[in-house]
Amino acid sequence: MKHALAIAFICLGTVPAIAGGTEDPARVDPLLDCSTPILDADTPERASILRVQAGADALVKDLRQTYASRLAGLFWDQQEGAESRLVLRLTGDEPVEARALTVCGEPLTVEFIASQMHTREELRKLHSDNLEWLRGKFPGLQGTYADERTGEIVLEIYTPEAQGTDFEALRQGAESRLDAPLRIEMTTAKVGLAILNRAP
C-alpha cells in the first residue's frame, strides 16, 4: 500500500487524502503478500520498502477495521536503509502499545499515536462542508486536502493572486471556525489542465 496525498482542486470538489479511504463494497482489491512481484523499484532498498508494504497488506486492512472508530490517520513512514514504520493516529486518550513485527523478513514497527482531535472521516467532512467558505475566504486558493498524516486541512495558495493578504489572521479565524488545524502552503506554480486531469 502506498501513501498518497490527493489535492482536492476547487473546481473538482474533494478527493480522499490517503489511498485506501472510504471503500466501495463492490470493489475487490488484489491480494498482496511477500510473493507479490516488485516491478517498479530502481534499487534493492526501494524493493524492500515496497515488499514490506505488500506483505503487510492484510495487517493494514485488519488495523483499519480494528481501530475504525478511532482512526485519525494511517500511513507508512519508510526511508531507504531504515526500518519501516506503520503509524496509526488515533482519537481518544487510551494508549496502544507499539508492535515490533517481521514482515517479509524485514523488521516493521507499528506505532500508535493517541489523543488526536478528529477521526479522518470527521476531518474530511469538516473539509468538504467548508470548501466553499474556504474558497471565498482565501485569495489565490487553488487546491486543498485533508492531511491524514498530520490531521491538518491544507490550503495551497497561488502567491501572485494573494499579495498583501494577512494569512496568519485568516488561518487563525479559519481554525476557530473549523475546530481543526490549518496549514497554508504558498506556491508560484499555477495549477493547469494537465494537473487538474491527473489521476490521484
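Atom set for the values below is all heavy atoms of this structure, side chains included, hydrogens, waters and symmetry mates excluded.
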Trainee: Within the structure provided, determine whether T119 and L71 are in side-chain contact (heavy-atom separation under 4.5 Å).
Mentor: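 No, too far: nothing below the 4.5 Å cut-off.
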Trainee: Side-chain contact, heavy-atom cut-off 4.5 Å: W76 with L108?
Mentor: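 Yes, side chains in contact.
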Trainee: Are the charged groups of R171 and E168 less than 4.0 angstrom apart, N to O?
Mentor: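 A salt bridge links R171 with E168.
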Trainee: When you compare the side chain of L101 with that of L86, does any pair of heavy atoms fall below 4.5 Å?
Mentor: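 Of all side-chain heavy-atom pairs linking L101 with L86, none is under 4.5 Å.
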Trainee: Within a strict 4.5 Å, meaning less than it, do heavy atoms of the P139 and L170 side chains meet?
Mentor: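 With C-beta onward as the side chain, the pair touches.
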Trainee: Do the side chain of T165 and the main chain of F167 share a donor and acceptor less than 3.5 angstrom apart?
Mentor: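 Answer holds: no.
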Trainee: Do you reckon L90 sits in the same ILVMFWY cluster as L59, going by side-chain contacts under 4.5 Å, direct or chained?
Mentor: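 Both belong to a single hydrophobic cluster.
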Trainee: Identify, with sequence neighbours excluded, every residue that meets side chain to side chain contact (heavy atoms under 4.5 Å, CB included) alongside K125.
Mentor: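 K125: side chain to side chain contact (heavy atoms under 4.5 Å, CB included) contacts with D129.
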Trainee: Quick one: disulfide (SG to SG under 2.5 Å) pairs with a partner in residues 122-152, sequence neighbours left out?
Mentor: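 Matches after skipping sequence neighbours: none remain.
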Trainee: With side chains defined as the heavy atoms from C-beta onward, is the minimum distance between R46 and L50 less than 4.5 Å?
Mentor: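 In short, these two side chains touch, coming nearer than 4.5 Å.
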Trainee: Output every pair passing disulfide (SG to SG under 2.5 Å) with a member in residues 32-93, not counting sequence neighbours, ordered by first then second residue.
Mentor: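 Sorted pair list: C34-C104.
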Trainee: How many angstroms lie between OG1 in T91 and CG in L123, if you round to the nearest 0.5 Å?
Mentor: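 Separation between the atoms: 12.0 Å.
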Trainee: Only counting residues at least two apart or in another chain, list the ones meeting side chain to side chain contact (heavy atoms under 4.5 Å, CB included) with A58.
Mentor: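 So A58 forms no side chain to side chain contact (heavy atoms under 4.5 Å, CB included) with any residue.
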Trainee: What salt bridge (charged side-chain N to carboxylate O under 4.0 Å, His left out) pairs are there with at least one residue in residues 86-112, not counting sequence neighbours?
Mentor: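 Sorted result for residues 86-112: R85-E111.
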Trainee: Which distance, rounded to the nearest 0.5 Å, do you find between the NE2 of H127 and the CG of L182?
Mentor: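 Interatomic distance, H127 NE2 to L182 CG, rounded to 0.5 Å: 9.5 Å.
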Trainee: Please walk me through it: do L88 and R70 pass side chain to side chain contact (heavy atoms under 4.5 Å, CB included)?
Mentor: CA-CA 10 Å; L88 280 78; R70 297 181 62 188; over 6 Å; no
Trainee: Given L178 and W133, is the side chain to side chain contact (heavy atoms under 4.5 Å, CB included) satisfied, shown in steps?
Mentor: CA-CA 11 Å; L178 273 61; W133 182 84; 4.2 Å; yes
Trainee: Treat each ILVMFWY residue as a node, draw an edge where side-chain heavy atoms are under 4.5 Å apart, and state whether I157 and I153 are in one component.
Mentor: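 Yes; tracing contacts between hydrophobic side chains, which count when under 4.5 Å, links both residues.
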Trainee: Report the residues that fulfil ring-ring contact (aromatic ring centres under 6.0 Å, His included) with F112, sequence neighbours left out, ordered by chain and then residue number.
Mentor: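 Here the qualifying residues are Y67.
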Trainee: Same cluster or not: V87 versus M117, using hydrophobic residues (I, L, V, M, F, W, Y) connected whenever any side-chain heavy atoms lie under 4.5 Å apart?
Mentor: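 In one cluster with V87: M117, no.
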Trainee: Less than 3.5 Å apart, any donor N or O on the side chain of Q78 or Q53 sitting next to an acceptor on the other?
Mentor: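 Q53 and Q78 do have a side-chain donor-acceptor pair below 3.5 Å.
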Trainee: Just do the side chain to side chain contact (heavy atoms under 4.5 Å, CB included) check on T144 and F138 with the steps written out, would you?
Mentor: CA-CA 11 Å; T144 174; F138 287 82; over 6 Å; no
Trainee: Under a 3.5 Å distance rule, please check whether E148 uses its side chain to pair with a backbone N or O of L74 as donor and acceptor.
Mentor: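 Such a contact is found between E148 side chain and L74 backbone.
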Trainee: Could you check D179 against E175 for side chain to side chain contact (heavy atoms under 4.5 Å, CB included), going step by step and ending with a plain yes or no?
Mentor: CA-CA 5 Å; D179 190 29; E175 287 186 341; over 6 Å; no
